[in-house]
Amino acid sequence: MSSNLLSVHTPSPLPNISKTTPLYQRIYIPNHVYTHPSAILLELCTSVKELHQILPLIIKNGFYNEHLFQTKLVSLFCKFGSMVEASRVFDPVEQKLDVLYHTMLKGYAKNSTLCDSLKFYNRMQKDGVNPVVYDFTYLLQLCGENLELEKGREIHGMLIVNGFESNLFAMTSVVNLYAKCRKIDDACKMFDRMPCKDLVSWNTVIAGYAQNGFARKALWLVSDMREDGQKADSITLVSVLPAVADIKGLRIGRSIHGYAIRSGFESMVNVSAALLDMYFKCGLVETGRLVFRRMSSKNVVSWNTVIDGLAQNGESEEAFATFLKMLDEKVEPTNVSMMGALHACSNLGDLERGRFVHRLLDQMKFSSNVSVMNSLISMYTKCKRVDIAASVFDNLKGKTNVTWNAMILGYAQNGCVNEALDLFCTMQSEGVKPDSFTFVSVITALADLSVTRQAKWIHGLAIRTNMDKNVFVATALVDMYAKCGAIETARELFDTMQERHVITWNAMIDGYGTHGLGKAALDLFDDMQKEASAKPNDTTFLSVISACSHSGFVEEGLYYFKTMKEHYGFEPSMDHYGAMVDLLGRAGKLDDAWNFIHEMPIKPGITVLGAMLGACKIHKNVELGEKAADMLFELDPDEGGYHVLVANMYASASMWDKVAKVRTAMEKKGLHKTPGCSLVEWRNEVHTFYSGSTNHPQSKRIYAFLETLGDEIRAAGYVPDTNSIHDVEEDVKEQLLSSHSERLAIAFGLLNTRHGTTIHIRKNLRVCGDCHEATKYISLVTGREIIVRDSQRFHHFKNGRCSCGDYW
DNA sequence: ATAGGGTTAG
């Protein structure tokens with residue numbers, strides 16, 4: 001027996017004794033009323049072990065057969081989670097009081113399965129004990145937690161049989177049961193039937209609506225509740241604030257905050273955490289910071305909320321710094337803290353700090369927490385290290401469907417389509433059911449690949465598993481078809497969707513944009529503005545502006561940029577500025593683009609300067625191009641593509657010494673030109689061609705065909721643009737150009753498909769000017785339609801013209 | 001009897 005348990009003679013830990021305390025629990029000491037020491041000892045117990053140490057004392061004093069001691073013992077064993085010990089006390093009792101049964105039932109409900117609890121309930125009935133309200137509330141709570149709707153309905157029935165139909169407590173539990181089982185209409189019906197309602201029942205139904213996605217209804221109920229004469233308490237606030245966050249109802253959120261301050265609930269950690277979360281979800285970072293700073297008491301939850309809130313609002317540097325500050329202030333991090341820190345590292349793409357968190361969570365024994373490990377996998381894939389992610393994945397025990405999804409998505413986002421598909425199959429063979437997340441990941445991977453056959457396969461699978469009803473999945477399908485060049489199919493799917501989300505509209509608008517169908521994109525955007533269910537967001541405007549850019553709609557682009565800022569109040573991001581520079585630059589308004597860059601309120605980033613450089617290359621403006629390149633390389637982009645762009649710009653102006661300089665600089669930095677690669681699908685197989693490659697089985701035939709084709713298109717008026725090549729003879733230059741990967745792929749397609757078949761090509765880089773010109777003529781002389789998807793957009797070649805109108 | 005930070009999607 002531990003010494004502190006024996007030192008009960010000090011009066012301080014004694015519970016107060018009231019007039020209703022049974023006499024046999026008291027002993028009399030002159031001038032003082034004290035509880036019997038054995039009872040006090042029981043009160044002080046905190047574990048089964050300590051309880052066993054007290055037991056001999058109780059037996060020695062002859063209290064073991066006292067009903068109250070028996071009940072207390074059972075209740076304590078139940079509290080400590082040991083139903084075996086509780087039964088050991090319960091079973092031998094000969095004359096069991098009803099209260100002993102009720103205590104046992106509570107124990108079962110808290111510690112055991114629903115099945116065991118119901119078994120005990122049946123035994124209790126057989127023994128002739130009448131159930132009390134609490135028996136039902138505990139059983140219903142258990143049903144709610146385990147989403148056991150059918151069993152819950154049975155208990156609801158039993159409760160009516162026993163006459164508790166209008167009991168406040170019982171009915172509140174019933175309302176809670178239906179709400180938890182996502183039967184909010186039933187919950188509401190029961191709530192309406194309640195003859196009188198108190199704060200708890202109002203809170204229950206409010207939380208029910210909030211958790212079932214009916215945010216506005218939840219907010220309505222709060223005012224109904226106040227009309228009913230109930231004052232919102234901290235639980236009401238904590239229940240309703242997530243609903244405010246759901247609908248980004250800042251105004252109502254602020255007024256709730258005001259009420260929290262006036263009523264004094266704001267000082268409660270859980271209330272202020274809910275407020276914090278609401279502000280971050282509404283995007284009010286500054287207010288979030290303020291609330292956090294003002295919090296008089298912070299706990300782990302408050303820290304975690306701020307860390308993740310910052311990460312979600314693009315303040316990942318600050319999020320990570322906050323995580324470190326939390327460690328510094330000796331707040332013990334939880335799994336949620338680790339996930340927040342990993343989230344920040346993912347956003348930053350910072351492998352170094354990501355690895356630091358990995359080491360930390362190994363030390364702190366979080367490696368067995370699946371959720372943390374899922375975030376870890378995601379972090380490594382976002383930092384482009386699928387290899388490390390895969391090793392974490394392989395070694396992880398107790399994978400959930402989320403783990404599989406994170407890994408499949410990781411592969412998909414890193415261009416490892418085959419690995420993603422393989423894992424998708426393995427997942428199913430191991431009996432893990434793919435969900436909407438899985439489908440979105442796989443569809444994204446296939447969109448990248450643009451293989452029609454596989455596109456149809458996953459679409460079919462989505463239909464068979466009823467996944468196509470999910471908005472995210474359906475949107476991914478729309479995006480995939482658009483990326484496969486099947487823009488009409490994408491639109492058909494879009495039109496048949498029952499529910500459309502902002503992202504659905506964005507995907508379709510973007511699809512039209514990349515196909516050069518600017519008019520269709522803008523028409524759709526008009527439709528969207530008429531639709532009440534989908535409000536445009538900042539991404540919508542990015543798609544709209546880039547659609548204008550691809551179609552040369554300069555005026556319209558400028559108009560929508562203005563509308564976005566002034567009418568919709570969206571602050572332009574770096575991507576928006578990039579799209580605007582692209583819009584002006586592509587259209588040849590290089591000076592306007594350059595001025596635009598200088599008038600930007602933020603420092604131009606890589607996307608902006610890259611767009612400027614690209615425009616300078618197209619329009620052969622070396623002077624501005626050099627300036628843009630200088631600013632760009634100061635930002636140190638780790639991509640070889642920009643150097644190649646500069647080199648090509650100099651080449652097209654025949655400035656060969658400068659070309660050589662850029663090449664040397666590239667070598668020094670260890671950057672390489674990404675080799676050009678084109679894919680074409682034929683007879684259920686994907687054929688890959690690299691620039692100048694001769695390893696294809698049909699290689700000889702292809703090159704021979706290209707030569708005759710070359711003669712034909714030259715006869716039709718094609719003039720090779722050999723300006724961009726130096727150091728070799730004219731005929732070799734022409735040969736080099738005609739062996740670009742897309743030409744090989746096109747030749748292969750023409751040779752192997754029937755006349756009239758459209759040829760689909762997928763290229764990893766931007767189509768070069770000469771190939772673009774040549775393909776126009778090829779479409780003319782062969783009478784074939786050729787669709788090329790390059791890294792920027794689609795080109796539909798038909799009758800000697802391209803859909804991009806030479807805007808690309 | 002009521003709530004309470006969180007893992008994968010564009």
Side-chain angles (χ1 to χ4, degrees), chain A residues 133-134 136-138 140-141 144 167-177 179-180 197-208 210-211 233-242 268-274 276-277 280-281 299-309 311-312 334-340 342-343 346 366 369-379 381-382 399-410 412-413 434-444 447 470-473 475-476 478-479 501-507 510 537 539-540 542-543:
Chain A
V133 157
Y134 295 108
F136 294 115
T137 58
Y138 292 131
L140 285 168
Q141 197 185 14
N167 179 285
L168 182 66
F169 281 28
M171 287 318 287
T172 304
S173 299
V174 170
V175 171
N176 188 42
L177 164 86
K180 287 285 174 313
K197 301 157 171 108
D198 70 346
L199 182 57
V200 178
S201 38
W202 276 104
N203 282 348
T204 307
V205 76
I206 288 167
Q211 288 164 1
D233 70 348
S234 71
I235 294 179
T236 319
L237 300 183
V238 172
S239 304
V240 84
L241 280 168
M268 294 172 71
V269 261
N270 53 354
V271 173
S272 49
L276 258 184
D277 196 50
F280 279 117
K281 292 229 168 83
N299 62 8
V300 212
V301 180
S302 357
W303 283 94
N304 292 350
T305 309
V306 180
I307 293 170
D308 209 61
Q312 272 176 11
T334 65
N335 52 343
V336 182
S337 330
M338 302 319 268
M339 288 189 272
L342 288 169
H343 189 178
S346 298
F366 283 116
N369 184 302
V370 193
S371 305
V372 174
M373 296 314 268
N374 293 341
S375 295
L376 187 69
I377 290 170
S378 184
M379 182 277 290
T381 64
K382 294 265 158 58
K399 296 181 186 68
T400 65
N401 57 337
V402 178
T403 320
W404 291 88
N405 291 346
M407 196 62 229
I408 292 173
L409 182 73
Q413 287 175 337
D435 60 8
S436 61
F437 284 80
T438 326
F439 270 88
V440 170
S441 307
V442 175
I443 295 168
T444 311
N470 178 288
V471 206
F472 289 102
V473 174
T475 303
V478 168
D479 179 63
H501 199 263
V502 206
I503 61 160
T504 319
W505 292 88
N506 293 355
D510 203 68
N537 63 12
T539 313
T540 316
L542 196 60
S543 297

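What you see below is based on every heavy atom in this structure, not just the backbone, and it leaves out hydrogens, waters and symmetry mates. The shown structure was predicted, so the numbers you read here are calculated from the model rather than taken from an experiment. Order of the sequence lines fixes the chain letters, A, B, ..., with proteins taken first and strands second; residue numbering starts at 1 for each chain.
- Per the geometry, CG belonging to Asn374(A) stands 11 Å off P belonging to dA9(B), to the nearest Å.
- Here the nucleotide nearest the side chain of Asp308(A), chosen from dG5(B), dG6(B), dT8(B), is dG6(B).
- Of the listed nucleotides (dT8(B), dA1(B), dT7(B)), dT8(B) has the atom at the smallest distance from the side chain of Ser378(A).
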Step-by-step side-chain contact (heavy atoms from CB on, under 4.5 Å) determination, His343(A) to Asp308(A): CA-CA 7 Å; His343(A) 189 178; Asp308(A) 209 61; 3.0 Å; yes
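- Between the side chains of Ser371(A) and Asn335(A), no donor-acceptor pair of N or O atoms lies under 3.5 Å.
- As judged by a 4.0 angstrom heavy-atom cut-off over every strand, Ser239(A) is placed among residues touching the sugar-phosphate backbone only.
- For dA3(B), its base sits under 3.5 Å from the side chain of Asn270(A) at one donor and acceptor pair at least.
- Comparing atom distances between the Ile235(A) side chain and each of dG10(B), dT8(B), dA3(B) picks out dA3(B) as nearest.
- Nearest to the side chain of Asn335(A), among dG6(B), dA1(B), dA3(B), sits dG6(B).
- Distances shorter than 4.0 Å separate none of the side-chain N or O atoms of Lys281(A) from OP1 or OP2 on dG5(B).
- Side-chain proximity of Asn470(A) to the nucleotides dG6(B), dA1(B), dA9(B) is greatest for dA9(B).
- Taking every side-chain heavy atom of Thr334(A) into account, dG5(B) is the closest of dG10(B), dA1(B), dG5(B).
- Nearest nucleotide to the Val200(A) side chain, out of dG5(B), dG6(B), dT2(B): dT2(B).
- The distance from atom CG of Leu241(A) to atom P of dG5(B) is 12 Å, rounded to the nearest whole Å.
- Rounded to an integer number of Å, the gap from Leu140(A) CG to dA1(B) C1' is 10 Å.
- Residue Gln141(A) places at least one side-chain N or O closer than 4.0 Å to OP1 or OP2 of dT2(B).
- Contacts of Thr400(A) with the nucleic acid, taken as non-hydrogen atoms under 4.0 Å apart, are absent.
- Using a 4.0 Å heavy-atom distance criterion, Val300(A) is classed as a base contact.
- For Asn304(A), the listed nucleotide lying nearest its side chain is dG5(B); candidates were dG6(B), dG5(B), dT2(B).
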Steps toward side-chain contact (heavy atoms from CB on, under 4.5 Å) verdict (Lys382(A), Gln413(A)): CA-CA 8 Å; Lys382(A) 294 265 158 58; Gln413(A) 287 175 337; 3.5 Å; yes
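- Side-chain N/O atoms of Gln312(A) include none lying less than 4.0 angstrom from OP1 or OP2 on dG6(B).
- Across all strands shown, Ala207(A) has heavy atoms under 4.0 Å from sugar-phosphate atoms exclusively, and none from any base.
- Heavy atoms of Ser371(A) sit under 4.0 angstrom from at least one base atom.
- Neither side chain, Ser173(A) nor Asn176(A), offers a donor N or O lying under 3.5 Å from an acceptor on the other.
- Atom CG of residue Leu177(A) and atom CE of residue Met171(A) lie 10.5 Å apart, to the nearest 0.5 angstrom.
- Counting non-hydrogen atoms under 4.0 angstrom, His501(A) reaches a base of the nucleic acid.
- Here Lys382(A) lies in heavy-atom contact (under 4.0 Å) with sugar-phosphate atoms only.
- The distance between atom CD of Gln413(A) and atom C1' of dT8(B), rounded to the nearest whole Å, is 10 Å.
- The side chain of Ser173(A) lies closest to dA1(B) when the candidates are dA1(B), dA3(B), dG5(B).
- Between the C1' atom of dT2(B) and the NZ atom of Lys180(A) lies a distance of 8 Å, rounded to the nearest Å.
- In this structure, CG of Asn369(A) is placed 12 Å from P of dT7(B), rounded to the nearest angstrom.
- One can place CG of Asn401(A) at 13 Å from P of dA9(B), the figure rounded to the nearest angstrom.
- For Asn176(A), whose side chain is taken as the heavy atoms from C-beta onward, the closest listed nucleotide among dG6(B), dA9(B), dA3(B) is dA3(B).
- For the pair Thr438(A) and Asn401(A), the minimum side-chain heavy-atom distance is 4.5 Å or more.
- Note on Asp479(A): nothing from the nucleic acid sits closer than 4.0 angstrom, heavy atoms only.
- A side-chain donor-acceptor contact under 3.5 Å links Thr540(A) and Asn537(A).
- Between Phe136(A) atom CZ and dA1(B) atom P the separation is 15 Å, expressed in whole Å.
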